Amino acid sequence: MPNLARAALLIIDVQKAIDAQYHAEAGPRNNPEAEQSIARLLALWRGEGRPIIHVRHDSRFAGSAYRPGQDGNDFKPEVAPLPGETIIPKQTNSAFIGTDLESHLRARGVDTLLITGVSTNNSVEATVRMAGNLGFQTFLVADACFTFARRDFHGRLRTADEVHSMSLANLDGEYCTVVSTASVLASIA
């Protein structure tokens, strides 16, 4: 693992809405321990006073569990921000579109991101791609994100692990380096 001394921890869309049943219509999620992995990283970042950014999806769609004004918009308790931690609200899949995330990072001299959250093939993948394209050294923590089963373009059902693995394969080596929670914790300990 490279030096993560200047890395910001980015936690994407880990809100109660992700537990809404419609996300699992094609099948269950993978990485059932993802929230615990994120919580472990969050505890380490907090303990060392490292930069933490919570991304909150504020959906504009009436049927979305992520829409503001309902419980689903709230962060999951195990990874909820503490007072003073940065919250970046977004309305698209990428945390960089229509937000001040990039300027926030640049103003603080952050050039490295450690990314976690949901869903791997949606907001996580979109954010990782943009982070890499914007020149940030980006690390995606594979076991600190998850997704759901879904049908591919030809209608074949793909498990959540298959969808997750394909997203990781799409990103690793081009937009980011895929790592594990254990490797991150070991590199900082």
Side-chain angles (χ1 to χ4, degrees), residues 1-15 17-18 34-35 37-39 41-61 64 66-68 73-76 79-147 164 167-181 183-184 187-188:
M1 284 284 304
N3 186 345
L4 294 175
R6 294 181 53 193
L9 177 63
L10 191 64
I11 304 168
I12 301 172
D13 300 351
V14 186
Q15 297 161 249
I18 200 61
E35 291 90 341
S37 293
I38 297 167
L41 294 167
L42 186 55
L44 176 64
W45 252 248
R46 284 175 174 157
E48 296 196 355
R50 294 168 179 256
I52 298 163
I53 300 168
H54 301 265
V55 177
R56 184 188 67 227
H57 188 70
D58 291 341
S59 179
R60 295 175 285 182
F61 298 105
S64 174
Y66 278 100
R67 193 171 31 82
N73 190 254
D74 295 339
F75 290 101
K76 289 187 132 191
V79 298
L82 294 179
E85 290 180 349
T86 301
I87 299 171
I88 302 285
K90 69 176 181 62
Q91 294 184 331
T92 66
N93 55 10
S94 173
F96 287 99
I97 299 293
T99 73
D100 67 348
L101 177 58
E102 182 182 6
S103 62
H104 177 86
L105 295 169
R106 303 262 189 232
R108 284 152 188 81
V110 173
D111 61 4
T112 305
L113 298 176
L114 188 70
I115 298 181
T116 67
V118 295
S119 289
T120 312
N121 60 305
N122 193 332
S123 293
V124 170
E125 187 167 340
T127 301
V128 167
R129 285 175 183 272
M130 287 201 68
N133 284 334
L134 290 168
F136 291 97
Q137 185 175 17
T138 306
F139 298 89
L140 174 57
V141 187
D143 59 328
C145 55
F146 66 89
T147 193
H164 181 77
S167 283
L168 298 180
N170 289 339
L171 298 169
D172 188 44
E174 186 169 353
Y175 301 98
C176 72
T177 301
V178 175
V179 297
S180 67
T181 300
S183 67
V184 171
S187 74
I188 294 175

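Bear in mind that the values here come from a model prediction, so they are computed numbers and not experimental data. Along the sequence shown, the residues carry numbers beginning at 1.
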Would you check if the side chain of [X] reaches a backbone N or O of [Y] as a donor-acceptor pair within less than 3.5 Å?
| X | Y | answer |
| --- | --- | --- |
| Ser183 | Val179 | no |
| Ser119 | Asn121 | no |
| Tyr175 | Ala126 | no |
| Thr147 | His164 | no |
| Asp172 | Leu168 | no |
| Arg50 | Arg46 | no |
| Ser59 | Gln91 | no |

| task | Tell me, with the steps shown, if Ile88 and Asp100 meet side chain to side chain contact (heavy atoms under 4.5 Å, CB included). | result | CA-CA 8 Å; Ile88 302 285; Asp100 67 348; 3.3 Å; yes
About how many Å separate [atom2] of [Y] and [atom1] of [X], when rounded to the nearest 0.5 Å?
| X | Y | atom1 | atom2 | answer |
| --- | --- | --- | --- | --- |
| Leu82 | Ile52 | CG | CD1 | 7.5 Å |
| Arg56 | Asn73 | CZ | CG | 5.5 Å |
| Lys76 | Ile38 | NZ | CD1 | 9.0 Å |
| Thr92 | Asp58 | OG1 | CG | 11.0 Å |
| Leu4 | Gln137 | CG | CD | 8.0 Å |
| Arg129 | Ser167 | CZ | OG | 8.0 Å |

Heavy-atom pair with the smallest gap, counting every atom of [X] and [Y]:
| X | Y | value |
| --- | --- | --- |
| Ile115 | Ala131 | CD1-CB, 4.5 Å |
| Ala95 | Thr99 | O-OG1, 2.5 Å |
| Val110 | Phe136 | O-CE2, 3.3 Å |
| Ser123 | Val118 | CB-O, 3.6 Å |
| Leu134 | Arg106 | O-NH2, 2.8 Å |
| Leu41 | Ala144 | CD1-CB, 4.2 Å |

| message | As a quick check of understanding, evaluate side chain to side chain contact (heavy atoms under 4.5 Å, CB included) for Phe96 and Leu105, giving each step before the final call. | response | CA-CA 11 Å; Phe96 287 99; Leu105 295 169; 4.2 Å; yes
For [X] and [Y], does a side-chain donor sit closer than 3.5 Å to a side-chain acceptor?
| X | Y | answer |
| --- | --- | --- |
| Thr127 | Lys90 | no |
| His54 | Glu85 | yes |
| Ser180 | Asp143 | no |

| query | Any salt bridge between Asp111 and Arg6, counting N to O under 4.0 Å? | reply |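 Result for this pair is yes, salt bridge flagged.
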| request: For the residue pair Leu140 and Cys176, establish whether any side-chain heavy-atom pair is separated by less than 4.5 Å. | output: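 In contact.
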| field | Any Leu10 side-chain heavy atom under 4.5 Å of Leu101 side chain | value | yes
| said: Test side chain to side chain contact (heavy atoms under 4.5 Å, CB included) on Ile11 and Ile53; report intermediate values, then the result. | reply: CA-CA 6 Å; Ile11 304 168; Ile53 300 168; over 6 Å; no
| said: Between Phe139 and Val178, does the side chain to side chain contact (heavy atoms under 4.5 Å, CB included) criterion hold? Intermediate values first, please. | reply: CA-CA 6 Å; Phe139 298 89; Val178 175; over 6 Å; no
